[in-house]
Amino acid sequence: MRKQERAARTRQGLIRAAAQAFAQRGYVQARLTDISASAGVSPGALHFHFENKAALAAAVEAEASAALRGVARDVYHGRQLALQTLTDVTHALAELLREDVVARSGFQLSCQRALGPELNLRQEWQGCVQHLLALAASEGTLAEGVAQQDMVTTIVGATIGFEVLGRDNPEWLSRQTITGFWRAMQPRLAAPGVLGRLDPEGRQQTEPSVC
């Protein structure tokens, strides 16, 4: 068991070191020798866990995907409005990208590399936004005349833009920035009488996710 735990720690250390290298230098410029040195293991130990750089990058993206699903799970609450859930998930995603280099690197890699259709973090986020807006429509909390697909495009475009800009300036992923975005968006989305029940600053909840 100790050997398995040690191997698991080594693998996680390599994933984190790779995420830092990819975030700082990009996928193409990152070198496996630098990643193994940063993780404190030999190049041979790296290749024991990962066949090549592509496999290591895929592991970073998989960890980022799991983290995205995790924050959605932690936020969703079946008794709150879907529009509030969408606001809260956006705040949680921004915090994750601010604080977790693996999530940040995974999103960046998803844009830089072509892994095929099986994993695309931005498409996963788009699917989550689309689902929650559809749920808001079914609740009757979406304003009349709102074009759902147009709003999906707007919200996904803006939040992915925050992610890209946040690589150089974390202020783009700050709570203040995300709150300002939702202060502007919620009045356009919410049906009459619903806006006063929404909090653009976000609320923390802990129940299973629908995303």
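Positions are given from 1 along the sequence.
Residues passing the salt bridge (Lys or Arg N to Asp or Glu O under 4.0 Å) test with D199: none are found, sequence neighbours excluded. With sequence neighbours excluded, the residues that form a side chain to side chain donor-acceptor pair (under 3.5 Å) with S174 are E171, T177. When the side chain to side chain contact (heavy atoms under 4.5 Å, CB included) test is applied to A45, the partners found at least two apart in sequence or on another chain are V41, S42. Under the side chain to side chain donor-acceptor pair (under 3.5 Å) criterion, R31 pairs with D34, not counting sequence neighbours. By the salt bridge (Lys or Arg N to Asp or Glu O under 4.0 Å) test, R16 pairs with D100, sequence neighbours left out.
In this structure, the side chains of R104 and E99 stay at 4.5 Å or more apart for every pair of heavy atoms. At a threshold of 4.5 Å between non-hydrogen side-chain atoms, the residues I155 and W182 count as touching. T87 has its side chain out of reach of F181: every pair of non-hydrogen atoms, C-beta onward, lies at least 4.5 Å apart. Between C128 and E124, the closest side-chain pair of non-hydrogen atoms is not below 4.5 Å. You'll find the side chain of Q24 stays beyond 4.5 Å of the side chain of Q29, heavy atoms only. Contact check for V146 versus R188: no side-chain heavy atoms found under the 4.5 Å cut-off.
Nearest heavy-atom pair, S38 versus Q20, reported as atom, atom and distance to 0.1 Å: OG-OE1, 4.1 Å. When all heavy atoms of V60 and S105 are compared, the closest pair comes out as CG1-OG, 3.9 Å. Among all heavy-atom pairs drawn from L96 and A103, the shortest one is CG-CB, 3.6 Å. Residue A191 comes nearest to G140 through the heavy atom pair CB-O, 3.9 Å, listed as atom of the first residue, atom of the second, then distance. In terms of heavy atoms, V102 sits closest to A64 at O-CB, 3.7 Å. In terms of heavy atoms, V71 sits closest to A92 at CB-CB, 4.0 Å.
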Verdict with supporting geometry, F107 and L93, side-chain contact (heavy atoms from CB on, under 4.5 Å): CA-CA 11 Å; F107 267 79; L93 174 61; 4.0 Å; yes

Determine whether Q80 and R197 satisfy the following criterion, side-chain contact (heavy atoms from CB on, under 4.5 Å), listing intermediate values before the conclusion. CA-CA 10 Å; Q80 76 173 1; R197 299 163 60 189; over 6 Å; no

What's the verdict on side-chain contact (heavy atoms from CB on, under 4.5 Å) for L32 and L56, showing C-alpha distance, side-chain angles and the deciding distance? CA-CA 9 Å; L32 291 179; L56 191 49; 4.0 Å; yes

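Side-chain N or O atoms of H131 include none that pairs as donor or acceptor with a backbone N or O of Q126 at under 3.5 Å. Side chain of N52 to backbone of A55: a donor-acceptor contact under 3.5 angstrom is found. Although no hydrogens or angles enter the test, the distance criterion places a donor-acceptor pair under 3.5 Å between the side chain of R175 and the main chain of E201. A donor-acceptor distance shorter than 3.5 angstrom exists from the side chain of T85 to the backbone of L81, with no hydrogens or angles considered. When atom types are taken as modelled, the side chain of S138 and the backbone of L135 share a donor-acceptor pair closer than 3.5 angstrom.
If you take CD on Q186 and CG on L86, they are separated by 9.0 Å, rounding to the nearest 0.5 Å. With rounding to the nearest 0.5 angstrom, the CZ atom of R167 is 9.5 Å from the CG atom of L97. From L83, atom CG reaches atom CG of L198 across 5.5 Å, with rounding to the nearest 0.5 Å. Atom CD1 of I15 is separated from atom CD of E63 by 4.5 Å, given to the nearest 0.5 angstrom. Separating the CZ atom in R9 from the CD atom in Q4 is a distance of 12.0 Å, to the nearest 0.5 Å. Rounding to the nearest 0.5 Å gives a distance of 6.0 Å between CG of L142 and CG of L189.
Ring orientation note: the planes of F22 and Y27 are tilted relative to one another, at an angle of 30° to 60°.
The hydrophobic clustering, which links ILVMFWY residues whose side-chain heavy atoms are closer than 4.5 Å, places I160 and L165 together.
The side-chain hydrogen bond (donor to acceptor under 3.5 Å, both in side chains) contacts involving residues 142-160 comprise W125-T159, Q130-Q149, where partners must be two or more places apart or lie in separate chains.
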